[in-house]
Amino acid sequence: MEILSQLWSFLGLLTVLQNILPSQFLSLLHSLYESLQDFFTPFSYFDVPEFNGYCSVDHNELYRHVTLYLNSLHNPTTAASSSSSSSSAAACRRLSLSRSKSSNRISFTVAPNNSIHDTFNGQRFSWTHHVETVQDSLDEKRSFSLKIPKRHRLTLLPLYLDHVTSMAAEFERTSRERRLFTNSGNGSSYDSGWVSVPFRHPSTFETLALETELKKQIMDDLKAFAAGREFYSRVGRAWKRGYLLYGPPGSGKSSLIAAMANFLCYDVYDLELTKVSDNSELRSLLIQTTNRSVIVIEDIDCSVDLTADRCLKTTAREDHEEELGRVTLSGLLNFTDGLWSCCGEERIVVFTTNFREKIDPALVRCGRMDVHVSLGTCGPAAFRSLVRNYLKIESHALFDVVDSCIRSGGGLTPAQIGEILLRNRRDVDVAMREVVAALQARVLAGGGTRSAVGEYEEMVLRSPESVLVVGSPENWYSSPGKYVGKKRKEGSAMDKKVNFLVRLRSLTKSDSGRTGV
């Protein structure tokens with residue numbers, strides 16, 4: 001009781017002194033107290049308010065980065081790659097969970113007036129989320145306070161904030177909802193010419209039916225491009241990359257585009273040239289695209305009359321086309337590689353076609369289409385990828401037969417094989433036998449009135465030709481997968497074909513005997 005009595009007496013004395021002493025003197029005492037506290041405490045504190053200044057208008061970008069960074073510490077995809085994530089999640093006593101209508105991802109935020117701990121370079125950091133209600137208002141004042149060891153604040157603070165910013169940007173890139181855009185035909189300087197829906201295409205490089213080496217080359221090229229900000233700035237080039245995808249229908253061009261977008265977490269802009277009225281609208285659509293996006297023009301040889309031989313076009317005809325308000329080849333060239341193409345960064349431009357020889361070489365030269373990817377019939381690795389996806393098997397007795405058919409020119413596109421596997425996915429053996437039958441029919445279809453040499457050359461040219469070529473169209477006809485050797489003799493070609501068919505029949509018969517068919 002005596003202690004309580006003395007305490008009450010001391011509090012009363014403080015109240016009397018506060019009323020008697022001048023306010024300037026009290027402020028001086030408070031400043032001395034804070035200075036002594038700062039001198040003896042081992043930590044430094046930094047506030048990160050939600051808004052810059054006092055008008056609550058200018059948002060503080062660092063506050064948003066801190067929010068995204070702390071959210072990433074509890075995200076399952078980033079927790080696996082961060083050694084400090086599990087300890088941070090356990091150290092935070094209370095979290096707020098939320099999820100938007102258009103996303104399946106759960107967002108984690110630090111609950112008001114709670115703290116979370118983080119580790120960087122062996123040092124412990126602490127973030128506290130402050131939320132205060134503004135007097136006589138429904139608004140709230142939010143901020144984060146960062147507590148770091150005082151002796152390391154000059155060396156660690158810049159590095160740690162750079163780490164927070166980079167991790168926040170990466171988390172935002174991978175977690176945001178991506179969109180699929182198409183031009184609406186109303187592009188202008190004032191209204192958006194694009195409409196969009198959520199982009200949720202399931203194609204990935206893991207499920208893509210491509211040869212292993214080609215898949216690796218494309219993925220490595222995309223990784224180098226995404227990490228090339230400093231490189232492109234240093235060499236003075238716009239941060240963009242052009243891809244030309246060509247091959248027969250069903251060879252997987254659209255699936256590859258979706259896999260590229262999913263791999264990089266980019267938005268997709270599907271540009272329909274027939275809806276673009278003139279070159280001015282084409283430039284307007286380009287300006288409205290965002291960074292980190294894939295701009296696609298599919299079947300460019302069929303969209304508009306852009307691919308005819310320019311030697312046959314007269315200046316009067318081009319002027320007449322511009323007067324009529326049409327997209328010209330010159331306008332598309334400026335779209336892909338002109339001054340307006342550098343109005344954004346981290347963009348990939350993709351052209352697709354079934355017939356590459358119909359495309360004007362100026363449209364796909366280096367600097368416009370940097371990488372040319374030939375997609376053809378399935379090779380052994382692509383076929384095994386399809387079987388693994390559709391039938392969930394890693395091996396089968398007929399795999400060797402399929403490989404023999406493929407090597408002899410009995411190739412089918414991924415779409416054709418996928419349809420066979422989809423139709424017979426409940427019976428693995430039936431599906432494999434139908435694939436073999438289709439491949440055998442393709443091999444036998446090489447017969448006819450043509451010479452044996454022509455048959456053999458066609459069989460070689462039909463073999464899997466999924467090829468990546470980096471360079472200009474001069475490299476097209478010397479690219480891998482093309483038969484450029486000497487012609488075989490007629491007897492040699494026929495002997496090889498007969499020997500193959502005999503061996504193929506013996507293999508299928510022996511397999512039927514083993515399976516009891």
Side-chain angles (χ1 to χ4, degrees), residues 181-195 237-247 253-254 257 267-291 293-345 347-373 471-476:
F181 294 84
T182 186
N183 50 313
S184 60
N186 298 319
S188 67
S189 301
Y190 305 100
D191 300 326
S192 175
W194 300 98
V195 293
R237 291 187 56 168
W239 192 7
K240 65 180 184 64
R241 191 87 166 142
Y243 276 78
L244 172 67
L245 310 183
Y246 61 93
K253 297 184 289 292
S254 298
I257 294 172
D267 292 327
V268 178
Y269 288 83
D270 185 12
L271 178 60
E272 179 58 56
L273 286 179
T274 57
K275 292 184 179 180
V276 182
S277 60
D278 52 27
N279 294 336
S280 178
E281 183 179 346
L282 187 63
R283 286 194 298 268
S284 177
L285 290 171
L286 176 63
I287 294 172
Q288 295 170 20
T289 59
T290 61
N291 298 336
S293 58
V294 180
I295 303 174
V296 181
I297 302 180
E298 292 193 282
D299 297 321
I300 189 170
D301 55 305
C302 303
S303 298
V304 290
D305 186 17
L306 298 171
T307 56
D309 188 357
R310 287 184 297 169
C311 295
L312 300 179
K313 288 186 176 182
T314 62
T315 304
R317 179 180 174 182
E318 289 187 350
D319 294 339
H320 180 62
E321 287 180 350
E322 292 184 0
E323 291 176 0
L324 292 178
R326 294 181 56 186
V327 175
T328 64
L329 177 62
S330 174
L332 193 57
L333 294 178
N334 291 328
F335 174 85
T336 57
D337 194 38
L339 293 176
W340 288 97
S341 66
C342 62
C343 63
E345 58 182 18
R347 288 189 177 123
I348 290 180
V349 181
V350 181
F351 292 167
T352 71
T353 179
N354 296 337
F355 308 99
R356 67 181 182 184
E357 63 275 4
K358 293 184 179 181
I359 301 179
D360 193 299
L363 194 60
V364 292
R365 67 160 175 81
C366 289
R368 293 190 176 112
M369 295 293 106
D370 307 290
V371 182
H372 304 155
V373 183
S472 58
E474 300 89 59
N475 299 330
W476 282 357

Q | Side-chain touch Leu244/Leu363, heavy atoms, less than 4.5 angstrom | A | no
Q: Please name the pair of heavy atoms, one in Val327 and one in Leu282, separated by the smallest distance, quoted to 0.1 Å.
A: CG1-CD2, 4.1 Å
Q. Can you tell me how far CG of Leu273 sits from CD1 of Ile297, rounded to the nearest 0.5 angstrom?
A. 4.5 Å
Q: Take Met369 and Val349 through the side-chain contact (heavy atoms from CB on, under 4.5 Å) test and state the conclusion after the steps.
A: CA-CA 8 Å; Met369 295 293 106; Val349 181; 4.0 Å; yes
**Q.** Shortest non-hydrogen contact between Thr353 and Ile300, atoms and distance
**A.** CB-CG2, 4.4 Å
**Q.** Nearest atoms (heavy-atom pairs only) where Ala362 meets Leu333
**A.** O-CD2, 3.6 Å
Q: Output, in order, the C-alpha distance, side-chain angles, deciding distance and verdict of side chain to side chain donor-acceptor pair (under 3.5 Å) for Asn279 and Ser330.
A: CA-CA 9 Å; Asn279 294 336; Ser330 174; 5.8 Å; no
Q. Do side-chain atoms of Arg241 reach the backbone of Asp370 as a donor and acceptor pair under 3.5 angstrom?
A. no
Q: Begin from the C-alpha positions of Thr182 and Glu272 and carry the test side chain to side chain donor-acceptor pair (under 3.5 Å) through to its verdict.
A: CA-CA 7 Å; Thr182 186; Glu272 179 58 56; over 6 Å; no
Q: Go through the steps for Leu271 and Trp194 under the test side-chain contact (heavy atoms from CB on, under 4.5 Å), then give the verdict.
A: CA-CA 9 Å; Leu271 178 60; Trp194 300 98; 3.9 Å; yes
Q) Would you say Arg347's side chain and Thr289's backbone share a donor-acceptor pair under 3.5 angstrom? A) yes
(Q) As an exercise, state the distance from CG of Asp360 to CG of Asp301, rounded to the nearest 0.5 Å. (A) 12.5 Å
**Q.** Nearest-0.5 Å distance that lies between atom CZ in Phe181 and atom OG1 in Thr290
**A.** 6.0 Å
Q. Roughly how far, to the nearest 0.5 Å, is the OG1 atom of Thr274 from the CG atom of Asp299?
A. 11.0 Å
**Q.** Minimum-distance pair of heavy atoms, taken over all atoms of Gly193 and Gln288
**A.** N-OE1, 2.7 Å
Q. Sequence neighbours excluded, which residues qualify as ring pair (Phe, Tyr, Trp, His ring centres under 6.0 Å) partners of Phe335?
A. none
Q | Pairing residues for Lys240 by the salt bridge (charged side-chain N to carboxylate O under 4.0 Å, His left out) criterion, not counting sequence neighbours | A | Asp337
Q: Report the C-alpha distance between Asn354 and Lys253 in whole Å, list the side-chain angles of each, state the deciding distance to 0.1 Å, and finish with yes or no for side-chain contact (heavy atoms from CB on, under 4.5 Å).
A: CA-CA 10 Å; Asn354 296 337; Lys253 297 184 289 292; 3.2 Å; yes
**Q.** Separation of Ile359 CD1 from Glu357 CD (nearest 0.5 Å)
**A.** 8.5 Å
Q) Which heavy atom of Lys275 sits nearest a heavy atom of Glu281, and at what distance? A) O-OE2, 3.8 Å
Q: Not counting sequence neighbours, which residues clear salt bridge (charged side-chain N to carboxylate O under 4.0 Å, His left out) with Glu345? List them please.
A: Arg229
